[in-house]
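Below: one structure, written as structure tokens.
Naming convention: chains lettered A, B, ... in sequence-line order (proteins, then strands); numbering from 1 in each chain.
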2 protein chains.
Amino acid sequence: MQSVKPDQGQSEQIASQLRNDIISGRMKEGAPLREIALAKQFKVGRGPIREALQRLSHEGMVTAKPNCGVRVAASPPNSIQELIIPLRRTLETFALRSFYHDLKPTDFQRWDDILQRMRRACENCDYASTVELDIEFHQSIVERAEQSDLLSIWLTMVSRLRHQFQQGHRKYDDAMKIYYEHAAIVAIFQTGDLEQSLQTLEWSIS
Amino acid sequence: MQSVKPDQGQSEQIASQLRNDIISGRMKEGAPLREIALAKQFKVGRGPIREALQRLSHEGMVTAKPNCGVRVAASPPNSIQELIIPLRRTLETFALRSFYHDLKPTDFQRWDDILQRMRRACENCDYASTVELDIEFHQSIVERAEQSDLLSIWLTMVSRLRHQFQQGHRKYDDAMKIYYEHAAIVAIFQTGDLEQSLQTLEWSIS
DNA sequence: ATTACCCAAATTGTCAACAATATAACCTGA
DNA sequence: TCAGGTTATATTGTTGACAATTTGGGTAAT
């Protein structure tokens, strides 16, 4: 039957879509997310909606007040960036160190794939895709460590940067700059020089 | 009616109890948490149970496999400590810096209260309470910054240390040591010397 | 004896109805 | 006109029943 979907992650799909709506700015700060409205919109019951909302709440995308519903969370102050940058540097270098001795061709295949898509996005000045690929690249490093705890902590930190993503970060002034930067990172990885790789990765996080 | 409870956080209470059961070691690694059994145990429907379980899953206390249920998560490798210690140092010093210029008598009242209880726990060699108060002290610093994002990130990191709490950490060899250490921290705070306070706090995180 | 297949029991995923609660409009009285 | 209380509505919190999926045992064929 066509209606039989895999459906393992129905709530995750819903959460993902709402995440995009919030990150893209389509939903403004303080906008309410009503369970019934979302249930009708996604053609599901309220159960999966509540799960997705709880997930987003834990990620800090929305704030939930008991018996009152959830709203798009106010953006954290820009000063949070000064905290998250060193945290990310510590975590991502820790992750890279943990599997650097076991780099395989498939790893570089994945990175090359990301780089290819990133190049196209940069060439087309597709800002949204560029941001997403920037995140995907760094996330791929954390995931490669194959320690779910690392990914959980990383996601908790990065999801607080949504405001920096929304309004074009100064980092993305020059369209191609971010592509070259990441291409350089992968090139350093290929040399097998651990210390140099750690430094380059660390420097790229800003 | 006595049955009318405030009930704001029914799922949170359930999650809290399950958390304790896991941290205390009453539930061993890999033990399944069945929704129906828990629902009967807590005398509630499966809805609140699912919410509590999802929360614990996000905290890393349990692992959830789709259509298969949740089990007590395997403890992360001890090496995770080498990551979390520098992360905590960065975050907690960031928090302290943010409100140091605005320290009030009520802040020291709260810390004195914690220290008093910690002293009793140490004197009685009450290991469990000592650990809890150690956490409460550091959490109070993060909370005092009044930025919910900081607390979320901090909780995500600290909840991964459950195994280090379970098996007595070497840090707690000498019963009174931890009390004196924290008393010293508060004493430094009272001098008003920011740099010295940051260093002392940072050094205490190990 | 072993492998493959199938079936049944247990468990999770989902939904619609009901109860409890907060928000907001309205009405009353000074 | 405005303060205080009250009701009405909308929304969340909870429950029990139903659908879909996984798991493990059992059976038959080789």
Side-chain angles (χ1 to χ4, degrees), chain A residues 1-19 21-22 27-74 148, chain B residues 1-19 21-22 27-74 148:
Chain A
M1 298 217 342
Q2 67 205 39
S3 67
V4 175
K5 315 166 192 176
D7 247 1
Q8 324 169 336
Q10 189 165 12
S11 66
E12 174 52 37
Q13 276 189 338
I14 295 171
S16 182
Q17 172 136 3
L18 292 176
R19 231 191 314 261
D21 288 345
I22 294 174
M27 286 188 160
K28 299 166 192 168
E29 283 187 17
L33 285 78
R34 298 274 127 87
E35 293 179 1
I36 300 172
L38 294 173
K40 284 203 299 185
Q41 177 183 334
F42 286 99
K43 305 272 183 42
V44 295
R46 272 174 50 208
I49 298 293
R50 282 176 72 86
E51 279 186 23
L53 254 38
Q54 186 182 343
R55 194 171 303 205
L56 293 177
S57 173
H58 204 124
E59 291 176 11
M61 307 288 290
V62 302
T63 57
K65 213 168 91 180
N67 286 317
C68 186
V70 304
R71 297 178 174 285
V72 178
S148 58
Chain B
M1 298 215 344
Q2 67 205 42
S3 67
V4 175
K5 316 163 192 174
D7 247 0
Q8 333 163 335
Q10 187 165 12
S11 66
E12 174 51 38
Q13 276 189 337
I14 295 171
S16 182
Q17 173 137 1
L18 292 175
R19 231 191 313 262
D21 287 346
I22 295 174
M27 286 187 160
K28 299 165 191 169
E29 283 187 16
L33 285 78
R34 298 274 130 85
E35 293 181 0
I36 300 172
L38 294 173
K40 284 202 298 185
Q41 177 182 335
F42 286 99
K43 304 272 185 42
V44 295
R46 270 175 51 210
I49 299 292
R50 283 176 71 86
E51 278 185 24
L53 255 38
Q54 186 181 343
R55 194 171 301 206
L56 294 176
S57 173
H58 202 119
E59 291 176 11
M61 307 290 289
V62 302
T63 58
K65 213 168 92 179
N67 286 318
C68 186
V70 303
R71 296 176 174 282
V72 177
S148 59

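In this structure, CD of Glu35(A) is placed 11 Å from P of dT14(D), rounded to the nearest angstrom. One can place CZ of Arg50(B) at 16 Å from C1' of dG13(D), the figure rounded to the nearest angstrom. With rounding to whole Å, Asn67(B) atom CG is found 13 Å from dA10(C) atom C1'. Regarding Ile14(B), its CD1 atom lies at a distance of 12 Å from the C1' atom of dG13(D), rounded to whole Å. Straight-line distance from the CZ atom of Arg71(B) to the P atom of dT22(D): 16 Å, rounded to whole Å. When rounded to the nearest whole Å, the span between CD1 of Ile36(A) and P of dC18(C) equals 15 Å. What separates CG of Leu53(B) from P of dT11(C) is a distance of 14 Å, to the nearest Å. Atoms CZ (Arg34(A)) and P (dT23(C)) sit 10 Å apart, rounded to a whole Å.
Residue Leu33(B) is classed as a sugar-phosphate contact, given heavy-atom separations below 4.0 Å to backbone atoms only. Within 4.0 Å of Gly69(A), counting heavy atoms only, lie sugar-phosphate atoms of the nucleic acid but no base atom.
Shown here for Ser11(A) and Pro48(A), the closest heavy-atom pair between the two residues is CB-O, 3.8 Å. When every heavy atom of Val62(A) is checked against every heavy atom of Leu53(A), the shortest pair comes out as CG2-O, 4.0 Å. In this structure, Leu56(B) and Leu18(B) approach most closely via the heavy-atom pair CD1-CB, 3.6 Å.
Contact annotation: Arg46(A) does not reach the phosphate of dT12(D) (side-chain N/O to OP1 or OP2, under 4.0 Å). In this model, the phosphate group of dT14(D) is approached by a side-chain N or O of Gln10(B) to a distance below 4.0 Å at OP1 or OP2.
Counting only distance, with no hydrogens or angles, the side chain of Gln54(B) and the backbone of Gln54(A) share no donor-acceptor pair below 3.5 Å.
Remark on DNA chain C: of its neighbouring residues Lys65(A) and Val44(A), the 5'-side contact belongs to Val44(A), judged by nearest-heavy-atom nucleotide.
Which of dT14(D), dA22(C), dG13(C) sits closest to the side chain of Pro48(B) comes down to dT14(D).
Atom CZ in Arg34(A) sits 13.5 Å away from atom NZ in Lys40(A) (nearest 0.5 Å).
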